[in-house]
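Encoded as structure tokens, the structure appears first; notes follow it.
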Amino acid sequence: MLVLRGLYKESDVKCKSELRVNRRTFNIICEMLRDIGGLSGTKNMSLQEIVAMFLYTLAHHKKNRSIGQYFFRSGETVSRQFHLCLRALLKLHEVLLYNPTPILDDCEDERWKFFKNCLGALDGTYINVNVPSQERPKYRTRKGTIAMNVLGVCAPNLQFIYVLPGWEGSAHDMRVLRNALSRPNGFRVPRGNYYLVDAGYTNCEDFLAPYRGQRYHLKEWTDRQPESAEEFYNMKHARARNVIERCFGLLKGRWSILRSPSFFPIRTHGRIVMACCLLHNLIRKFMPTDDINEDELNESDDDSESDSDDEREFITSVATSDHWTNFRNKLSQDMMEASNRGRGKNKRYWTYEEDAVLIRYLHELSCDPKWKCDNGFKNGYMNKLEEMINGVLPNCGLRAIPHIESRIKHWSEKYSAFAEMLSTSGFGWDAEKTLLQVDKVVYDEWVKTHKKAKGLFGVPFIHYETLAEIYAKDKATGDASESFVDAIEEMGQEIDKQPFNVESDEEDDVNSTHSDTYSSTSQFGKRPMKIEDDHITPSKMAKVKASTIHSSASDSTTQSGKPSIKAKETKVKGKNKVNLKSLCRNDDDDLVASLHDCSNNFGKIFENINVNLGTMASAWSKAEEREQRMDEKVNKVLDEVMKLDGISPSEALEVATILMAEEHKLRIFYQAPFNMKKQYAIDLLKKK
């Protein structure tokens, strides 16, 4: 096809510009999707066209309508093949996700040689999304954008190890990490190894964070050197952990669909993020990194000597420990001195009445559109609360800052701890006693990894339901997040639930011809039956006949509820005439008339079926002929243009595209003398 020749057959430069991969890598992707993913071409679409259409969508972030016009396919065909290719690509996660290897003692890389047994780095990034208006508070980030929070884990060689998209933008990075560790097919860290994380995460077992309160970011080290062991550690930590930031930069720079809100549903967008990460790893493995100015990576891709998963022990939770704190202190060669900055000296103890008034008025503001917004409350709402509280309790002495601000944070964190427990299996709620229902053993195990839930067992929480009305709709739940295995299973179930439609990969004009043909069946008073199939088998034809006969017979019986005068007056020769007259004299005239009408209609039904099926067969035959003529026409135009001297292959493709799009220019080109065709083609290129 003309479009495919220009995409991946002309040159590596053209292929990388349009599909982000060279021709060799494109062929590797097609082979892997066919052999491992189970993707195959159709009667009218080759496997290469399906993959090219998929990569073009990710690279340029085009709508179905634009892709359909570019590839000369219907919107339904584009959507169906996109999702099939996406599912096949996600099946490659076991092959394409990198199996990490720890940093060895003899490592000579200046960025990593201080971090022995480290596997890589992890961080979260925001991917802008489109969500319904009622879901926006959950997806609004601290920067004010509507986005999903994506957890990414990568190795020092810039290849992804694990990806978890789908969490709402308001969710904290640490919460997403905990969820990834608790999933059955989630993120796993072997005992004795660790990952580098930024200050947004807790410095805990197997996750090494920098010191807080010290310089950290790389731009802070341009004009001065570290003055202490903590600063020296932070500088080395930042240089090594920066690998995940570069990884995210390459990912978003290559795939345009990740740089702006997508037109796909949130779950599909999350699966697209996973697919882009898999393609990123494949490109890093098979394609030269000539577009990245960095040293050659000597990481080995051979994982045959690594231990199997059954022989290794993995962590499943995140918890702080003195051992890990000492490990960081030893790594930075200095013990971190604990200091008390006077916290708690000016602490304000709230009474039950003050809490009740605060929560009541906070709930009132949450229902007022003047104060409520997508990301919480509008500026100045604490001053309004101060005014309302002082109106009821004039001598309480409460101020917006720090009293009300601190107390709202306290109740918000307490509600979040309760809500997270109640969304987990094993926890229940006693509405009468306003108590948490859970076994003490289960609760103690939960508190080990969720410090904010400490002290909530057996303590009544009378404000929970009111706080739920305030915060529940804005709370991130992570319902749209899913792993590779979950995504593949979910997409398989969605495909199985779809109705049985054998659809063709024809253009939109063919589909419109089908709809015009089927509209003739509406004369029976029922919804017309649409059959989209390139091949009508006898079994399918029998189903069509049976369905049509049943619907038509029902209409005939209903419409002939009264005695049919025409049936009574019908003249029949011989004995049939005598028998009909004798039956009409009986009390069963109504039944006889109805049966007679049905017998007359059956003949008409079969005649109409034969006519309609003949019309449909003719339409399908004409559609195939039309497509064949179109291919012949394209080849003829391309051959004529290629005969012109001085026209490069890419220019020939552009000229052929212009001529096929405008019929009158094509006629002029054919009728013009040969010596004028070249100048005419050059003029077309200049006008474009």
Name every donor-acceptor pair, under 3.5 Å, that has one atom in a side chain of residues 143-154 and the other anywhere in the protein, sequence neighbours excluded.
residue: Thr145; atom: OG1; partner: Thr141; partner atom: OG1; Å: 3.0
residue: Asn149; atom: ND2; partner: Ala171; partner atom: O; Å: 3.1
residue: Asn149; atom: ND2; partner: Asp173; partner atom: OD1; Å: 3.0

Query raised in the report: Lys63: what forms a salt bridge (charged side-chain N to carboxylate O under 4.0 Å, His left out) with it, not counting sequence neighbours?
Result: none
Report task. Hey, could you give me each pair passing side chain to side chain donor-acceptor pair (under 3.5 Å) that has a residue in residues 268-279? Not counting sequence neighbours. Result -> Arg271-Glu482
Query raised in the report: Can you check side-chain contact (heavy atoms from CB on, under 4.5 Å) on Phe484 and Tyr162, steps first, answer last?
Result: CA-CA 10 Å; Phe484 285 96; Tyr162 180 80; 5.9 Å; no
Query raised in the report: Among all residues two or more places apart in sequence or in another chain, which pass the side-chain contact (heavy atoms from CB on, under 4.5 Å) test with Arg24?
Result: Asn22, Ile28, Phe286
Query - Glu640/Lys677 salt bridge by N-O under 4.0 Å criterion - result: yes
Query - Worked check of side-chain contact (heavy atoms from CB on, under 4.5 Å) between Arg254 and Leu279 - result: CA-CA 10 Å; Arg254 179 174 285 116; Leu279 290 171; over 6 Å; no
Requested in this report: Apply side-chain contact (heavy atoms from CB on, under 4.5 Å) to Ile488 and list each qualifying residue two or more places apart in sequence or on a separate chain.
Outcome: Leu90, Lys91, His93
**Report entry** Inter-residue atom distance Phe248.CZ - Ile244.CD1, 0.5 Å rounding
**Finding:** 4.0 Å
**Report entry** N/O donor-acceptor pair under 3.5 Å between Ser170 side chain and Lys138 backbone
**Finding:** yes
Report summary line: Taken in chain and number order and not counting sequence neighbours, the residues that satisfy ring pair (Phe, Tyr, Trp, His ring centres under 6.0 Å) with Phe26 are Tyr8
Query raised in the report: Listed by chain and number, what are the salt bridge (charged side-chain N to carboxylate O under 4.0 Å, His left out) partners of Arg183, not counting sequence neighbours?
Result: Asp486
Report summary line: Applying side-chain contact (heavy atoms from CB on, under 4.5 Å) to Ser133 and not counting sequence neighbours gives none
Requested in this report: Answer yes or no: does atom CZ of Arg259 have more than 12 heavy-atom neighbours from other residues, nucleotides or ligands under 6.0 Å?
Outcome: yes
**Report entry** side-chain contact (heavy atoms from CB on, under 4.5 Å) partners of Lys62, counting only residues at least two apart
**Finding:** Tyr56, His60, Ser66, Ile67
**Report entry** Non-neighbouring partners of Tyr670 that pass ring pair (Phe, Tyr, Trp, His ring centres under 6.0 Å), sequence neighbours left out
**Finding:** none
Query - Check: Asn157 and Arg284 side chains under 4.5 Å, non-hydrogen atoms - result: no
Query raised in the report: Just how far is it from atom SG of Cys247 to atom CG of Asn281, taken to the nearest 0.5 Å?
Result: 7.5 Å
Query raised in the report: Can you tell which of Ile127, Val163, Leu58, Leu89 makes a side chain to side chain contact (heavy atoms under 4.5 Å, CB included) with Cys276?
Result: Leu58
Query raised in the report: What's the spacing between Arg140 CZ and Glu135 CD if we round to 0.5 Å?
Result: 13.0 Å
Query - Over all atoms of both residues, closest heavy-atom pair of Gly75 and Asn64 - result: O-ND2, 3.6 Å
Query raised in the report: Taking the six-membered ring for Trp, are Phe187 and Tyr195 ring centroids under 6.0 Å apart?
Result: yes
Query - With sequence neighbours excluded, residues passing ring pair (Phe, Tyr, Trp, His ring centres under 6.0 Å) with His83 - result: none
**Report entry** Leu96, Val95, Val21 screened by side chain to side chain contact (heavy atoms under 4.5 Å, CB included) with Leu282, the one that passes
**Finding:** Leu96
**Report entry** From Glu651 atom CD to Met642 atom CE, the distance as rounded to the nearest 0.5 Å
**Finding:** 11.0 Å
Query raised in the report: Short question: side chain of Thr57, backbone of Met53 - any donor-acceptor pair under 3.5 Å?
Result: yes
Query raised in the report: Taking only residues two or more places apart in sequence, or in another chain, which ones meet Phe82 in a ring pair (Phe, Tyr, Trp, His ring centres under 6.0 Å)?
Result: Phe54, Phe264
Query - Distance (rounded to the nearest 0.5 Å) between Ile283 CD1 and Arg20 CZ - result: 9.5 Å
Report task. State whether a side-chain donor-acceptor pair under 3.5 Å links Asp683 with Gln679. Result -> yes
